[in-house]
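Note sheet for the following structure.
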Amino acid sequence: MFKKFFCPTKIFYGEDSINEVANLLSSYDGKVLIISTTSAARISGAYSKVKEALDSCDLQYFYENSISQNPDVSSVRSISDKFKGKKISLIISIGGGSAMDAGKAISVCIGSGKSIDDLILYGVSGEVFIDHLAIPTTAGTGSELSKGSILSDKSKNWKGGLRGDELFPKFAVIDPALTYSLPKSITLLTGFDAFTHAFESYLSNSQSDITDIISLDVIKRIVPALLDIAEDINVYENKKTLAFCSMLAGINLANSSTCLPHRIQYAIGSLSDSTHSEGLVSVYPAWISSLKEAKIKRYFILTSIIDKVGGLDKDGPIEDLISRLGIARTLSDLGLNASHHDELVCLTTGNLQLDPCYNGKNTIYKILDKS
Ligand SMILES: [Fe+2]
């Protein structure tokens with residue numbers, strides 16, 4: 001069954017839920033720090049709505065929009081140092097996983113007064129944090145509901161995570177309309193990330209009956225929605241489904257875990273400038289073949305469902321899904337080749353035993369060789 005299930009974030013979901021921000025802000029005084037990537041907050045329309053809400057509550061705010069894709073430890077360090085002692089009472093992150101993950105780390109750094117370097121070295125446990133409101137502008141990462149903050153340190157070729165209950169955002173405002181202006185390629189790639197969260201949290205050795213129910217429901221909804229979006233990007237109902245599925249799969253991230261593709265992607269992300277989804281999709285077909293080879297029963301349960309709801313190739317429904325979405329990538333597309341394999345294997349860390357087909361480093365080499 002299950003021993004623990006945790007979702008402490010207060011969720012506001014639906015078109016126009018962005019208008020809830022003014023109500024949430026009414027209980028705050030002090031100053032607000034907005035964290036974003038260069039343009040996502042403005043293009044999505046979220047920034048102007050948040051600004052309106054802040055002005056209506058007469059709250060002073062600062063706007064830091066320098067967060068990059070694969071957010072770097074140095075940005076978290078410099079923003080945290082700049083705002084420590086400045087009476088920040090709320091952090092608002094607007095964007096995809098990068099902005100929200102940076103927001104989580106900055107919330108703990110400013111709240112606890114500790115450096116990001118110490119938190120990475122010693123872990124997060126019992127630290128004071130600042131309230132964090134996460135506003136996703138993509139549908140896929142689920143970061144708004146998870147307790148992980150994935151960061152990179154380019155100077156050390158390191159990518160890894162901070163994890164802890166202190167990193168859960170206090171509020172998540174999930175307004176599907178903020179994703180409507182995204183181009184098709186980004187919609188499908190980020191949507192595929194949500195699919196992988198449902199898929200991997202079902203296969204992980206840390207699944208539970210509750211996360212299984214969520215995974216299966218997400219897969220039944222998201223596969224047809226992704227396929228429909230690949231045909232026609234303009235049906236908003238499908239984008240709403242993606243946002244809803246991303247949210248549900250995000251709950252699973254905090255209560256089960258992902259598998260090898262996510263662990264390997266952290267390594268890929270630290271050696272290339274690829275996005276999270278591109279890294280995932282580059283290793284997915286090879287990981288799928290390891291699952292088939294290991295005859296993982298749960299994999300066959302999932303593929304029979306995917307086949308039923310998506311009408312995909314019975315012999316390789318995930319490979320067919322990737323192809324129909326037009327998102328296929330290889331490691332060489334991401335600028336990596338066999339000379340990077342040793343380093344990629346070294347950089348693949350975390351609880352690898354949670355993957356159902358992990359059988360030592362050779363499993364990773366095998367996946368890389370085929371990718
Ligand atoms: Fe992911």
Side-chain angles (χ1 to χ4, degrees), residues 9 31-41 47 61-138 141-172 253 262 265-267 269-276 279 347 349-350:
T9 304
K31 295 163 188 168
V32 174
L33 173 58
I34 305 171
I35 305 288
S36 175
T37 47
T38 327
S39 53
Y47 179 71
Y61 60 90
F62 305 96
Y63 180 40
E64 289 288 333
N65 70 341
S66 58
I67 302 299
S68 58
Q69 168 181 294
N70 295 318
D72 204 78
V73 169
S74 60
S75 313
V76 171
R77 190 185 296 120
S78 68
I79 295 173
S80 304
D81 288 349
K82 186 170 164 189
F83 291 99
K84 272 176 194 164
K86 294 271 169 64
K87 296 198 166 74
I88 301 294
S89 57
L90 178 71
I91 287 170
I92 303 179
S93 63
I94 307 173
S98 303
M100 293 187 282
D101 283 6
K104 290 175 190 175
I106 291 167
S107 140
V108 179
C109 286
I110 298 181
S112 68
K114 290 188 178 172
S115 72
I116 184 64
D117 306 273
D118 280 353
L119 291 170
I120 289 170
L121 196 61
Y122 301 111
V124 176
S125 177
E127 271 77 20
V128 178
F129 55 91
I130 292 186
D131 286 357
H132 176 195
L133 158 60
I135 305 177
T137 58
T138 61
T141 74
S143 174
E144 67 276 14
L145 299 179
S146 78
K147 57 180 174 182
S149 165
I150 307 303
L151 303 171
S152 298
D153 190 339
K154 291 272 177 229
S155 66
K156 296 177 183 162
N157 271 351
W158 175 88
K159 183 168 181 174
L162 284 182
R163 283 187 180 76
D165 290 350
E166 295 78 3
L167 294 163
F168 277 114
K170 181 163 185 175
F171 307 107
L253 291 179
H262 272 76
Q265 187 284 319
Y266 298 155
S270 67
L271 294 191
S272 70
D273 274 331
S274 56
T275 64
H276 177 63
L347 290 168
T349 56

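- Scanning both residues, T141 and L253, for their nearest heavy atoms gives O-CD1, 3.5 Å.
- Distance alone, capped at 3.5 Å, places no donor-acceptor pair between the D101 side chain and the S149 backbone.
- In this structure, E166 contributes its side chain and G126 its backbone to a donor-acceptor pair below 3.5 Å.
- A heavy-atom distance below 4.5 Å is found between the side chains of I150 and K159.
- When all heavy atoms are compared, the tightest approach of D273 to Q69 is O-NE2, 2.8 Å.
- Checking side-chain atoms of K84 against main-chain N and O of S112 turns up no donor-acceptor pair under 3.5 Å.
- To the nearest 0.5 Å, atoms OG (S74) and CG (D153) are separated by 7.0 Å.
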> Can you check side-chain contact (heavy atoms from CB on, under 4.5 Å) on L151 and W158, steps first, answer last?
Replying inline: CA-CA 8 Å; L151 303 171; W158 175 88; 4.3 Å; yes
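- Of all heavy-atom pairs spanning I116 and L162, the tightest one is CD1-CD1, 3.7 Å.
- Side-chain contact, S93 with K104: no donor N or O sits under 3.5 Å from an acceptor N or O.
- In this structure, M100 CE and S36 OG are separated by 11.0 Å, a value rounded to the nearest 0.5 Å.
- G269 and N70 get closest at one heavy-atom pair: O-ND2, 3.8 Å.
- Rounded to the nearest 0.5 angstrom, S146 OG and F168 CZ are separated by 7.5 Å.
- Counting heavy atoms from C-beta on, the side chains of I79 and S66 come closer than 4.5 Å.
- Residue L145 holds its CG atom at 5.5 Å from OG1 of T9, rounded to the nearest 0.5 Å.
- In the displayed structure, N157 atom CG is contacted under 6.0 Å by more than 12 heavy atoms of other residues, nucleotides or ligands.
- Around the NZ atom of K154, the shell of radius 6.0 Å holds more than 12 heavy atoms that belong to other residues, nucleotides or ligands.
- The distance from the OG atom of S107 to the CD1 atom of I130 is 6.5 Å, given to the nearest 0.5 Å.
- Of the listed residues (I35, I34, I88), just one forms a side chain to side chain contact (heavy atoms under 4.5 Å, CB included) with F62, and that residue is I88.
- A donor-acceptor pair under 3.5 Å is absent between the side-chain atoms of S152 and the main chain of S270, judged by distance alone.
- Considering every non-hydrogen atom in both I110 and F83, the closest pair reads CD1-CB, 3.7 Å.
- Note that the NZ atom of K31 and the CG atom of L90 stand 14.0 Å from one another [nearest 0.5 Å].
- For the side chain to side chain contact (heavy atoms under 4.5 Å, CB included) criterion with S98, the lone passing option out of T37, D72, T275 is T37.
- Of all heavy-atom pairs spanning E144 and P169, the tightest one is O-CG, 3.3 Å.
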